[in-house]
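See below for the structure under consideration.
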Amino acid sequence: MKKYDFTKIEKKWQAAWQKKKLYEPKLKAAQNPFYNLMMFPYPSAEGLHVGNMYAFTGADIYGRFKRMNGYDVFEPIGLDGFGIHSENYALKTGTHPLKQSKISEKRFYKQLEALGNGFAWNERVETYDPEYYKWTQWIFIQMWKRGLVYRKKQPVNWCPSCKTVLADEQVISEKCERCSSVVFKKDLEQWFFRITDYADRLLHNLEHLDWSERVKIAQKNWIGKSEGAEINFAISDFPHIIKVFTTRPETLYGATYVVLAPENELLKTLKSKILNFGEVKKYIESVSERSDEERAMSGREKTGVKLEGVVAINPASGDGIPIFISDYVLSGYGTGAVMGVPAHDDRDFEFAKKFKLPVKIVIQGGDVKLEEPFREAYEAHGTMVNSENFDGMKSEDAKWEIVKSIGGERKMQFRIRDWLVSRQRYWSAPIPMIFCESCAFDGVGEQKDMPGWFAVPEKDLPVKLPNVKEFRPLGGEESPLASVKSFYVTKCPRCGKKARRETDVSDTFLDSAWYFLRYPSTKEKKVAWNEEITKKWLPVNMYIGGAEHSVLHLLYSRFLTMALSDIGLISFEEPFTKFRAHGLLIKDGAKMSKSKGNVINPDEYVKRFGADALRMYLMFLAPFEQGGDFRDAGILGITRFLERTWKLGMRVGAKEKVKRDENRERALHKTVKKVTEDIESLQYNTAISALMVFLNEAEKNGISRKEFETFLKLIAPFAPHITEELWSELKNKGSIHVAKWPSFDPEKLIEDTFELAVQVNGKFRARITAPLGISEAEAKTIAMQEKAVAGALAGKEPQKVIFVEDRLINFVL
RNA sequence: GCCUGAGUGGCGGAAUUGGUAUACGCGCACGACUCAAAAUCGUGUAGGUAAUCCCUGUGUGGGUUCGAGUCCCACCUCAGGCACCA
């Protein structure tokens, strides 16, 4: 008997598939396009991570399943090789990123090949390829033309270790997403994308997307829509107003002070009226110097300064109330000013306590007794008090009435801020902009409010990243390119005078925000994507990736797609029709990390057990969308399964005589049903267990050739090599991976008996094989005859009988 | 603090969505094969028990129901996300 030599088989078929272009759909002519996408890896660390393999295998199984169901599946792969991840790796190894990227590329593609995925190898995308980033720059310019790009000086996140600014989305609990250093605020002029213009649409569209719920929730929270009102507080004896945003306008009568953010522009206007401006200025300076870490360390204790000499007027009560500045008010959200309602807001209560400000109750309710001394703010709804005409109303009802009465404006606020896209690093696409001092002097520019700034003419793209020796981040406010004269000295596209090229590069997430548009069009030299092909293949039918990109890549891609759609460059506004987040793979109960030394190298396992076994084990160990624990011992179960399948195949090949068996036939139909449904819903672990159950059955009495082939097809998406080998051993023509997926006959699933469960008082007593469809009376008769049942009944007549057809009977005494 | 999930054998995990808890796999025990071991095959494997009897059992406490791993209330623990967003 031929032995199962996985090393040989896997190599052989990987080569054969590539040669036959089995996984290359006809991009222009395909009849049933299905775009099966997985998040491309960044080739930074020491080769492909088993976590990548976990994700890719899960995605590949789905793609193979669709292919066997008659779709022209397009499953591309590429490398997200630009950006800080890869650059840091290059810094670590001391190899120039240009060189390192080529080394990593070779290594990754070799590893990826060994996994046996149905990749369309001819359409690869590498974000650092000038043929690709040319179009990243081109997209930047389209956004610029549309007015969706601007440059502004404002406090931004600065990572002292990565020596660059970061987008809000890249700051996790005040730490850098990459290196976990504490992030500082720094006042810098940077490039932004107007993602906030799309906040409402990004939120609204979520409702109709077939995405993992947890990702939708994460995006929803990140966008953070709040409904509230803007209310004007006049300033006594001064023709200016303080505009505040609140979601609780019903508490307006309880506003006993107003607070401005330290960065609020109004402070400049008020300067001359503020008697203690020196003190105020000192506070502002101290705040800007304080790092977020220091703020966090101080336990968020409230600080602030009262503005002496100015008084605000509560528009509802008419009371004069003090004005403060405090860093508990954020400048980037709402109007940068809030009304302080100590009785009904925790934070305001804290502040009032510290500064001994009056607490005025305007809502009574719940069990909380609002009597002095106050212990805490009452934040729930209730009945209005101390609010003149509104007294006695329900606070929910008074909400908009109060806004109306003082001429406030109903408003939406979003938590999300504009996307900061510039970086002071080397290894990414240079931002394709030029600044001309002369035009700036004349007040001329391509966009309003941005004199002197011009996009690089499209014919001059790409702006190539120069090969410079010193690619290390400088740590100042500029990228290493700022010291490369040959790079930044250029001519103004408008007046032709000497001008300076932008030296910042773009955020890696811009590179990856559109790669799925490029995959089907990699052969296009003159356009970013071919219109006809794009129409055929996009939006992506199925996208599988990590949930960690919920508010990064997945949000940016949606935004960019929406913007490109508005510009008229594509005809859809959501990039991914269906998205599923896979779970996290851990090892022996702990997160994999280099420091713990428990990182799994897939190569090693492929070598020892074969790609098929590793693939299948990864999918078997836990539900794919949940993630789970990788244990070395577990893989043996799969190895045995594959060996036994192999042996069974050899028996079939040797033309062993087998009788037709209705039970086996039914078992097979059941398995087809279960596996089909489970793959569709990504429940691979239970699909595999169903395959095991069937194998256990089939081994006992043998299996017909036809039945075995059906069984093989069901395994094919999970273990593509061994199934292909057995398929060809059985002298089938063509690949099993384009064979028709088996269907099941619902008629054949029906058995003529079932196991009747018998309960007495809800307690299980006996199990009886009974004919399907028996009546309650019949069931009662046979059940009562059972010894255990009779014993439990103890001769008593049941008061009640619950009968569930073809399932159980329950006697209630 | 808030928002998500999730707590089931020695372990990874199943459970037709209110109807036989522990499928499938790992591990373990015993047996067969072998001079022996590995591999393979067979049998068993929630706990209490000698037991095919019985009792208990899905994080904890209560509830609804003929019947709860599944629904409701309260609590505990773990993982992930957000965090002074007014």
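To find a chain, count down the sequence lines: A is the first, B the second, and so on, and within it residues start at 1.
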Checklist entry - Within the structure shown, what part of the strands sits under 4.0 Å from A:Leu636 by heavy-atom distance: base, sugar-phosphate, or nothing? => result sugar-phosphate
Checklist entry - Considering only the C1' atoms, how many Å lie between B:C2 and B:U65, rounded to the nearest integer? => result 34 Å
Next on the checklist: Taking syn as a glycosidic torsion within 90° of 0 and anything else as anti, which one is B:G9?
Outcome noted: syn
Checklist entry - What is the distance, rounded to the nearest whole Å, between atom NZ of A:Lys674 and atom P of B:A23? => result 14 Å
Checklist entry - A:Val329 near the nucleic acid: base, sugar-phosphate alone, or nothing, with a heavy-atom cut-off under 4.0 Å? => result base
Checklist entry - Across the strands shown, which category fits A:Val693 at heavy-atom distances under 4.0 angstrom: base, sugar-phosphate, nothing? => result sugar-phosphate
Checklist entry - Under 4.0 Å between a side-chain N/O of A:Arg640 and OP1 or OP2 of B:C26, yes or no? => result yes
Checklist entry - What is the nucleic acid contact for A:Ala218, judged by heavy atoms within less than 4.0 Å: base, sugar-phosphate only, or nothing? => result nothing
Checklist outcome for this item: Of the candidates B:A86, B:G13, B:C82, the side chain of A:Thr246 sits closest to B:A86
Checklist entry - Can you tell me how far the CG atom of A:Leu202 sits from the CD1 atom of A:Ile195, to the nearest 0.5 Å? => result 5.5 Å
Checklist entry - So what does A:Ile635 touch, heavy atoms closer than 4.0 Å: a base, only the sugar-phosphate, or nothing? => result nothing
Next on the checklist: Going by side chain to side chain donor-acceptor pair (under 3.5 Å), name the residues that satisfy it together with A:Glu778, two or more places apart in sequence or in a different chain.
Outcome noted: A:Ser775
Checklist entry - In terms of base orientation, is B:U40 syn or anti, with the syn window spanning 90° either side of 0? => result anti
Item to check | Spacing of the C1' atoms in B:G59 and B:C78 (rounded, Å) | outcome: 10 Å
Checklist entry - Should B:A23 form a Watson-Crick or G-U wobble pair with both distances under 3.5 Å, which nucleotide is its partner? => result none
Next on the checklist: Work out how far the P atom of B:A6 is from that of B:U56, and round it to whole angstrom.
Outcome noted: 29 Å
Checklist outcome for this item: Between CZ of A:Arg644 and P of B:C41 the distance, given in whole Å, is 6 Å
Checklist entry - Can you tell which of B:A86, B:G13, B:A21 lies closest to the side chain of A:Phe764? => result B:A21
Next on the checklist: Over 60° means perpendicular and under 30° means parallel, so tell me whether A:Phe351 and A:Tyr328 are parallel, tilted or perpendicular.
Outcome noted: tilted
Item to check | Gap in Å between the two P atoms, one belonging to B:A46 and one to B:A23, rounded | outcome: 8 Å
Next on the checklist: If I pick the P atom on B:G9 and the same atom on B:C55, what distance separates them, to the nearest angstrom?
Outcome noted: 22 Å
Next on the checklist: When you compare the side chain of A:Val244 with that of A:Val259, does any pair of heavy atoms fall below 4.5 Å?
Outcome noted: no
Next on the checklist: Pairing check on B:C78: which nucleotide meets the Watson-Crick or G-U wobble criteria with it, both distances under 3.5 Å?
Outcome noted: B:G5
Next on the checklist: Between A:Lys353 and A:Glu350, does any NZ, NE, NH1 or NH2 come within less than 4.0 Å of an OD or OE carboxylate oxygen?
Outcome noted: yes
Checklist entry - Touch check for A:Asn685, heavy atoms < 4.0 angstrom, all strands: base, sugar-phosphate only, or nothing? => result sugar-phosphate
Next on the checklist: Among B:C84, B:U56, B:C11, which nucleotide has an atom closest to any side-chain atom of A:Tyr328?
Outcome noted: B:C84
Checklist entry - Is there a Watson-Crick or G-U wobble partner for B:U56 with both distances under 3.5 Å, and which nucleotide is it? => result B:A46
Checklist entry - Mind checking the C1' distance from B:G13 to B:G18? Whole angstroms is fine. => result 23 Å
Next on the checklist: Regarding A:Leu621, tell me which of base, sugar-phosphate or nothing describes its non-hydrogen contacts under 4.0 Å with the strands shown.
Outcome noted: sugar-phosphate
Item to check | Whole-Å C1' distance, B:A14 and B:U58 | outcome: 12 Å
Checklist entry - So do A:His344 and A:Ile363 actually touch side chain to side chain, heavy atoms under 4.5 Å? => result yes
Checklist entry - Tell me, do A:Phe641 and A:Leu691 make a side-chain contact under 4.5 Å, heavy atoms counted? => result yes
Checklist entry - Counting any heavy atom closer than 4.0 Å, what does A:Asn696 reach on the DNA or RNA strands: base, sugar-phosphate only, or nothing? => result sugar-phosphate
Checklist entry - Within the structure shown, what part of the strands sits under 4.0 Å from A:Arg765 by heavy-atom distance: base, sugar-phosphate, or nothing? => result sugar-phosphate
Item to check | OP1 or OP2 of B:C24 under 4.0 Å from side-chain N/O of A:Thr686 | outcome: no
Checklist entry - Base, sugar-phosphate alone, or nothing: which one does A:Gln413 contact when heavy atoms must sit under 4.0 Å apart? => result nothing
